[in-house]
Amino acid sequence: MGENREMIDFGLKAAEAFLEKNGYEIVEREWRGEAGEVDLIAQSRDRIAFIDVRTRRGEFAQEPYKHVSQAKFEGLMTEYLGMGDAIPGSRIGYDIISINVVSDCRAIFRYHENVAA
């Protein structure tokens with residue numbers, strides 16, 4: 001397994017643990033639709049979140065929310081919700097979890113909620 005895949009897997013596991021601790025259930029992992037791919041789809045009691053997880057090495061990694069694609073979010077949301085798997089009346093959001101791995105024992109974790117609406 002390459003270092004990049006290991007970094008991706010590390011980020012996904014950390015993001016899942018954070019979301020579950022905060023009341024979300026992970027309903028999809030690395031979900032792919034015609035509009036693209038989203039790392040996680042998570043649902044709480046009243047919200048469904050489409051979440052991109054961006055894991056980078058280095059303290060000065062670029063802020064991830066600066067490269068949000070509104071069109072991608074809308075396409076993924078429309079396609080996924082069209083499948084009928086969401087709880088009716090749920091709020092919808094596109095979130096980013098950024099993890100900057102600074103060293104083997106230190107990472108900076110940020111949760112950016114509703115970066116596109």
Side-chain angles (χ1 to χ4, degrees):
M1 181 180 296
E3 183 179 341
N4 192 42
R5 186 67 225 186
E6 289 175 5
M7 184 74 69
I8 291 168
D9 289 341
F10 166 79
L12 287 173
K13 287 177 185 171
E16 288 176 18
F18 170 82
L19 291 164
E20 288 170 347
K21 181 179 177 183
N22 286 281
Y24 282 89
E25 174 188 356
I26 307 302
V27 294
E28 298 285 349
R29 291 170 178 83
E30 298 180 290
W31 186 81
R32 182 174 297 279
E34 289 182 26
E37 181 178 324
V38 65
D39 294 317
L40 299 170
I41 300 175
Q43 193 157 353
S44 69
R45 187 170 34 97
D46 64 347
R47 185 172 188 268
I48 186 162
F50 294 79
I51 304 160
D52 277 330
V53 180
R54 310 231 174 123
T55 309
R56 304 286 185 266
R57 185 171 294 283
E59 191 165 2
F60 301 107
Q62 192 171 12
E63 289 297 329
Y65 55 83
K66 292 182 179 178
H67 299 286
V68 171
S69 170
Q70 182 76 25
K72 175 187 169 186
F73 165 66
E74 289 175 0
L76 290 168
M77 177 191 67
T78 300
E79 188 174 351
Y80 184 79
L81 296 177
M83 296 169 37
D85 291 336
I87 296 173
S90 294
R91 293 178 298 123
I92 311 293
Y94 178 47
D95 304 346
I96 294 177
I97 292 178
S98 64
I99 303 167
N100 294 338
V101 179
V102 179
S103 68
D104 290 341
C105 60
R106 183 169 175 253
I108 300 167
F109 186 101
R110 292 188 178 110
Y111 182 42
H112 309 274
E113 193 172 30
N114 293 319
V115 294

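Note that the coordinates shown come from a computational prediction; the quantities given were computed from them, not determined experimentally.
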Just so I know, are the side chains of [X] and [Y] near enough to count as touching, which here means a heavy-atom distance under 4.5 Å?
{"X": "Tyr80", "Y": "Ile48", "result": "yes"}
{"X": "Leu19", "Y": "Ile97", "result": "yes"}
{"X": "Glu113", "Y": "Arg47", "result": "yes"}
{"X": "Tyr94", "Y": "Glu74", "result": "no"}
{"X": "Phe50", "Y": "Lys72", "result": "no"}
{"X": "Val101", "Y": "Met7", "result": "yes"}
{"X": "Arg110", "Y": "Asn100", "result": "yes"}

Measure across [X] and [Y] and return the closest heavy-atom pair with its distance rounded to 0.1 Å.
{"X": "Ala42", "Y": "Ile51", "result": "CB-CD1, 4.0 Å"}
{"X": "Ala14", "Y": "Ile99", "result": "CB-CD1, 3.9 Å"}
{"X": "Leu76", "Y": "Gly36", "result": "CD2-O, 3.4 Å"}

Roughly how far, to the nearest 0.5 Å, is [atom2] of [Y] from [atom1] of [X]?
{"X": "Glu28", "Y": "Leu40", "atom1": "CD", "atom2": "CG", "result": "10.0 Å"}
{"X": "Glu20", "Y": "Ser44", "atom1": "CD", "atom2": "OG", "result": "13.0 Å"}
{"X": "Ile96", "Y": "Arg54", "atom1": "CD1", "atom2": "CZ", "result": "4.0 Å"}

Margin query: If we ignore hydrogens and angles and just use 3.5 Å, is the side chain of Asp95 paired with the main-chain N or O of Asn114 as donor and acceptor?
Written below: yes
Residues at least two apart in sequence or cross-chain that pass side chain to side chain donor-acceptor pair (under 3.5 Å) with Glu37, listed by chain then number, are Arg32
Going through the checks in order, is the salt bridge (charged side-chain N to carboxylate O under 4.0 Å, His left out) test met by Asp9 and Arg5?
CA-CA 6 Å; Asp9 289 341; Arg5 186 67 225 186; 2.7 Å; yes
Ring pair (Phe, Tyr, Trp, His ring centres under 6.0 Å) filter on Tyr111, not counting sequence neighbours, yields Phe18
Result for side-chain contact (heavy atoms from CB on, under 4.5 Å) between Phe73 and one of Thr78, Val115, Asp52, Ile92 points to Ile92
